[in-house]
Amino acid sequence: MSIFALLSMGRFCCRCCCPRGLWMLSAPCCDDRRMCVCPGPRRIGIPVRSSSLPLFSDAMPAPTQLFFPLIRNCELSRIYGTACYCHHKHLCCSSPYFPQSRLRYTPHPAYATFCRPKENWWQYTQGRRYASTPQKFYLTPPQVNSILKANEYSFKVPEFDGKNVSSVLGFDSNQLPANAPIEDRRSAATCLQTRGMLLGVFDGHAGCACSQAVSERLFYYIAVSLLPHETLLEIENAVESGRALLPILQWHKHPNDYFSKEASKLYFNSLRTYWQELIDLNTGESTDIDVKEALINAFKRLDNDISLEAQVGDPNSFLNYLVLRVAFSGATACVAHVDGVDLHVANTGDSRAMLGVQEEDGSWSAVTLSNDHNAQNERELERLKLEHPKNEAKSVVKQDRLLGLLMPFRAFGDVKFKWSIDLQKRVIESGPDQLNDNEYTKFIPPNYYTPPYLTAEPEVTYHRLRPQDKFLVLATDGLWETMHRQDVVRIVGEYLTGMHHQQPIAVGGYKVTLGQMHGLLTERRTKMSSVFEDQNAATHLIRHAVGNNEFGTVDHERLSKMLSLPEELARMYRDDITIIVVQFNSHVVGAYQNQE
Amino acid sequence: VMFYWLLSIVRRQRTSPGWQNWSSARSSVSVAAAHSITLPTQTQVVICGGGVTGTSVAYHLSKMGWKDIVLLEQGRLAAGSTRFCAGILSTARHLTIEQKMADYSNKLYHQLEQETGIQTGYIRTGSICLAQTQDRLISLKRINSRLNVIGIPSEIISPKKVAELHPFLNVHDLVGAMHVPEDAVVSSADVALALASAASQNGVQIYDRTTVLHVMVKKGQVTGVETDKGQIECQYFVNCAGQWAYELGLSNEEPVSIPSHACEHFYLLTRPLETPLQSNTPTVVDADGRIYIRNWQGGILSGGFEKNPKPIFTEGKNQLEIQNLQEDWDHFEPLLSSLLRRMPELETLEIVKLVNCPETFTPDMRCIMGESPVVQGYFVLAGMNSAGLSFGGGAGKYLAEWMVHGYPSENVWELDLKRFGALQSSRTFLRHRVMEVMPLMYDLKVPRWDFQTGRQLRTSPLYDRLDAQGARWMEKHGFERPKYFVPPDKDLLPLEQSKTFYKPDWFDIVESEVKCCKEAVCVIDMSSFTKFEITSTGDQALEVLQYLFSNDLDVPVGHIVHTGMLNDGGGYENDCSIARLSKRSFFMISPTDQQVHCWAWLKKHMPEDSNLLLEDVTWKYTALNLIGPRAVDVLSELSYAPMTPDHFPSLFCKEMSVGYANGIRVMSMTHTGEPGFMLYIPIEYALHVYNEVMSVGQKYGIRNAGYYALRSLRIEKFFAFWGQDLNTLTTPLECGRESRVKLDKGMDFIGRDALLHQKQNGVYKRFTMFILDDHDTDLDLWPWWGEPIYRNGQYVGNTTSSAYSYTMERHVCLGFVHNFSEDTGEEQVVTADFINRGEYEIDIGGHRFQAKAKLYPVASVYTHKRRKDDVELSDLHGK
């Protein structure tokens, strides 16, 4: 989604809740009762698919003369952001409202009048502003690669004595920031006390605090929910008597994926309370743990804990501020649990899980394993209408947003859409100054009559893996906005089989000469070598998502331009993209099938 | 009945030759097999596997007079790899034993059609091995030298000559080639059928469609086999199961480890050329291009050994059927490019198909044969490394001799199953290793090449310490051993670039280590040595050892004896040092790769006696070799005990304390002839003792050294090592070790008769040391091993090892000199006089260097000697 699209559509609204410095320059105006938060078109209120993004076409609006001030505004706001940057390097307390925000922002309507598609913005920038240094926008292929690969991570499930007993071969993951800092998070871990592997992508909005917390904590909640009674008891007893704990999760993390040290104790206590309740609740009867139920419980419980921790607060002022930021920001979550042939996907929000299926003829088809929780989902609209009085029917979802503000209809955190007005005011008043000064947190959504309007309860889908199910793509909406699911699955499928040489050529009964065959093979190899540029399926997918031209092939020039966008502009052309590609072991899956 | 049935198959197949028609042949066989015949209940030998190896073993056993033989094949005869084999018979091999096997096979297959009446498609095409680089040409020249001396004609030819021999070859990028005119092509399936039919004529019973489920073993002895059609009692079982040999070996109650793993292997078949290629067009091996090319029905057959092999059947045979393997053109693309570069005119040739035929590879690229160390009567011939056809005949013969006579007529230690242990049988290890081995088929083989995969399996406790100090490692029997230590300020070449036939990059490093051994003191971690303890309640241990060993072991406690276990022929089964720890307990140190072989030999010959205990304590001790004149100072400072020869004579063993650690076995020997001590340290003390030695040794100039320095030291002192210089066919008398044999020690020992006989009649070969005279270390090719030795222009033998002597500043080669009669070629007695009165030359890669022959080590080597009596050395003088 681009700001230009937004501007040209005249969907501006503007109110006072933008960072101070920014508003001074960008001439706030509040002609609309809808919310505005800050100059980021995302997440709140933009129903336009960015596939229609007219980035390099003539149709692109080119309000360039006016637009540059905005860039500077962004820079300024970044400075502002840095100024209130708190001591933890990764905790981005500055950015709850920054460009990436899913909360609606509305710039000056005056922009709209200038937003005419007159000139290619890129031509402009290159032709004029950057005329003297055109190379500034050209990244060399190695530079492009280093940007694309900065966050890539691969994990291969280790083989033991030549046998790979896991149905998961491994996974590739990667993320490309558009926000600064990125608000997406990803997690992957192997359950050590139960079988199975957990993988998840988390898309934050109004900052990364909530997505960060969820990425650290959710898998523990799920793992605990899956644990049998005896194991829970054993762990609890070990805690009680100070013995060493059984490890629950084996994380598979990129060095950039960090965990908060400061909150670790707090998080542990909440988790312990949870398992203590599980132990107390256990009647000793049912020993079968239902994965679906466990996933739902874990999601709800974590969201509940996030909410509670914010209400209770913490004597440590840093932690206190942290739990509040977690609660006031939001995050969607899409989590897969794979155990043998049993694949569960728990989804809250608008990230998506897509299964790559290879048909008998070798072609690829996509099977969606999650439903988006947003205005495009009729059932979600239904649900919201049912959950609130009839008279709210028109206000619950406006302009395809929850209360006219929030794009995803389910999310972690976002207590602004969950707590009563009283509670919100009380917490904010007693909270630290930073929170009090924050216009966004103080702001109460319009038509806020019967909270909660938002839930973190996931929708869980179950799929029994078949040998033709080759991989699963988990990705935040940053990917799905730019690429059709069918293309995603085809690109990954071709990439993975290219790696494994699985597109056999057979001579069959045809007359083929050595020379013809050689030509054919050379051609195939050249094609393959572009695939081999990436050692990671997720990176390969990002390369396509960002660099694809109208013919569906990666255009280096385009890729280079997209990646060299200034931080402040990047968010207007694309969202954060986070992708996990899980590869299944068809042999193992097939063996499971044969066992029965 | 068997035989006629078999012939009928053969005839049917002959009527429809060619790959395309195999399926029809198959159906005819299945019809024949449908009339299932009941198996015999009892036989002497059961052979499992109806491929070229199995039928060859049956053929040779029956020829040697064993008639009571049953051959079982799970599918059809000559199916499996034999059926898909490219049919190239090539004698251009790196090992002499392999050359001999291939040569024998060639001669056997040549006359097989005449013998059996079955057409084998044998055509003597000759083969041309191409060299694109000078290094490859050197490699070919070395092979050429060795082929010539065993009577296989071959020559190094120019690119121009190559073009004359083969019509389509692009020779512009060649520097030379080797032509072996007697190499041949043959239909391997037909060879197997011919061998089977001859065996059948000799009484061997052959049953196909019969699967061996497992081998029955009682008390470590084969008693029979369990098949899907019932049991057969037998005394001998021969595992020739090819791809499935590994699994079959493990299926017994007492598993037999046969380390091998299959890789997919591809070759291409084309339709005939417009003017069909002559059937005698030579086979071409372009190793630098990784391909081979032979004529096939007027067209060509071309395959190769790619850099990125695809291992297969890791999880066992049920995973995939051989017949269903897919062609993988993308995988074949580099080889196809290579083919078209070599023969550009083939572009227009039409493809018939790409054949995927898995081949089995072993961890060291040598085939596996011999008797299992754990189950007597269980023989193996498998892991042919895609040379099953070339080696099948010869290997079958050796194995048959082994079974009938107890040992083969040639030394086959390099191929012996017992060179491996259970430690090489991990599937992961094999999978990784064969991925390195298969490309190695066509990689340049240079001296001192170490495998890169499957490493760090067995290590000393000091591994990390030594590694941090710059150790570079080699591997023996899974054990990491330091080669040398790279000083912190020095860099060696990257692995690929370090490949050379000339002076290696570590030359100066090893020189400084050798110098330190000569002048000060060095530490070498020698923990890999095989260590056994033999103890008994009474005199049983001494008695059995006196019978097994040629030297007198009834020595005072604390003495060390150099000795060997001999076989009936007087040849060395093992060469070792034995320390008498007490009246009833002996500590035995053998070469690293003897761990399985030596154990099996002892077990086989020791009586079942609960009062006699044999224990493998290899893992219990870390061994440090303190070499050098100052070793004595270091050790006396660490132990507060006088270590001078008066108090601690040479070849003496004592338990003492070193540093804080007590119970260290100190032995005054170094395996090099230099003064010094071996310390056998219980592993938990290893780090402590090492640290103490290094810190005290500092003022004596101590430093780490590796096996390359050790090798240089021991070779310049004319020390023979088992496995390299000595083998089961060499006797102590042939290598000047009379002093280690006590023919009159008052009791019989194995091999005594043979030695007595030899003593009376003289020896037919003599271990000799050669010092190269006109060899330029910097500019000339270095000797390795296996170089032909010429005496007065006549071939007299091959070298067995070589090293640069930093003391003499000359290359030293060790090897055996024979005396072949000029008229008959028969071996004659070799006397000292014969050795001394000759002018010698060593052929290194086609260039002959003058050499001085010595029967005793050179005196100048001892100039650095500081201790007056070094018994280890006097040993060699043969008092």
Side-chain angles (χ1 to χ4, degrees), chain A residues 156-167 169 358 360-362 467 493-532 535 585-595, chain B residues 20 168 246 261 264 266 268-271 273-274 293 299-300 302 306 308 310-316 318-320 325-356 425-434:
Chain A
K156 291 222 161 4
V157 176
E159 281 186 20
F160 296 106
D161 201 18
K163 287 181 178 140
N164 190 341
V165 292
S166 170
S167 58
L169 274 175
Q358 191 167 29
E360 267 172 27
D361 64 356
E494 284 174 2
Y495 170 80
L496 291 176
T497 49
M499 297 278 280
H500 297 144
H501 308 277
Q502 276 175 357
Q503 319 155 277
I505 303 183
V507 179
Y510 299 103
K511 283 193 172 183
V512 187
T513 68
L514 290 177
Q516 288 166 336
M517 178 58 85
H518 185 234
L520 182 62
L521 293 175
T522 317
E523 196 181 304
R524 277 161 69 93
R525 197 181 45 153
T526 323
K527 211 171 151 191
M528 205 92 80
S529 68
S530 78
V531 172
F532 280 127
Q535 277 85 47
N585 188 335
S586 302
H587 285 297
V588 174
V589 170
Y592 269 101
Q593 216 172 34
N594 293 338
Q595 274 168 23
Chain B
Q20 306 99 305
F168 300 115
Y246 172 90
H261 192 295
E264 291 179 48
F266 296 92
L268 172 79
L269 298 171
T270 72
R271 302 218 176 274
L273 277 81
E274 231 162 89
I293 309 154
I300 60 136
S302 172
E306 62 275 19
N308 51 337
K310 295 166 77 180
I312 191 172
F313 304 136
T314 304
E315 292 165 50
N318 294 329
Q319 213 186 358
L320 272 174
L325 290 178
Q326 302 246 313
E327 55 195 316
D328 185 342
W329 279 100
D330 292 302
H331 192 70
F332 194 73
E333 188 267 337
L335 300 181
L336 179 59
S337 299
S338 188
L339 171 67
L340 289 176
R341 197 159 52 243
R342 187 55 54 213
M343 296 191 181
E345 288 170 48
L346 297 189
E347 281 228 334
T348 52
L349 207 52
E350 199 186 311
I351 296 165
V352 173
K353 69 186 292 196
L354 185 66
V355 180
N356 181 353
S425 107
S426 139
R427 253 353 227 172
T428 312
F429 166 78
L430 289 170
R431 183 182 167 89
H432 290 178
R433 176 56 68 82
V434 295

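Quick caveat, the model's predicted, so the values are computed rather than measured. Quick note on labels: first sequence line is chain A, next is B, and so on, each numbered from 1. We use all heavy atoms of the structure for the numbers below, so side chains are in, but hydrogens, waters and symmetry mates are not.
For B:L339, the part lying under 4.5 angstrom from a heavy atom of chain A is the side chain only. Interface residue B:L268: only side-chain heavy atoms are found under 4.5 Å from chain A.
Nearest heavy-atom pair across B:E333 and A:T522 is OE2-OG1, 4.1 Å. In plain terms, the two heavy atoms of A:L514 and B:L340 that are nearest each other are O-CD1, 3.9 Å.
Atom-to-atom distance recorded for B:T348:OG1 and A:Q516:CD is 9.5 Å, nearest 0.5 angstrom. Atom NE2 of A:H518 is separated from atom CH2 of B:W329 by 11.5 Å, given to the nearest 0.5 angstrom. Summarising the geometry, atom CE belonging to A:M517 is positioned 13.0 Å from atom OG1 belonging to B:T270; distances are rounded to the nearest 0.5 Å.
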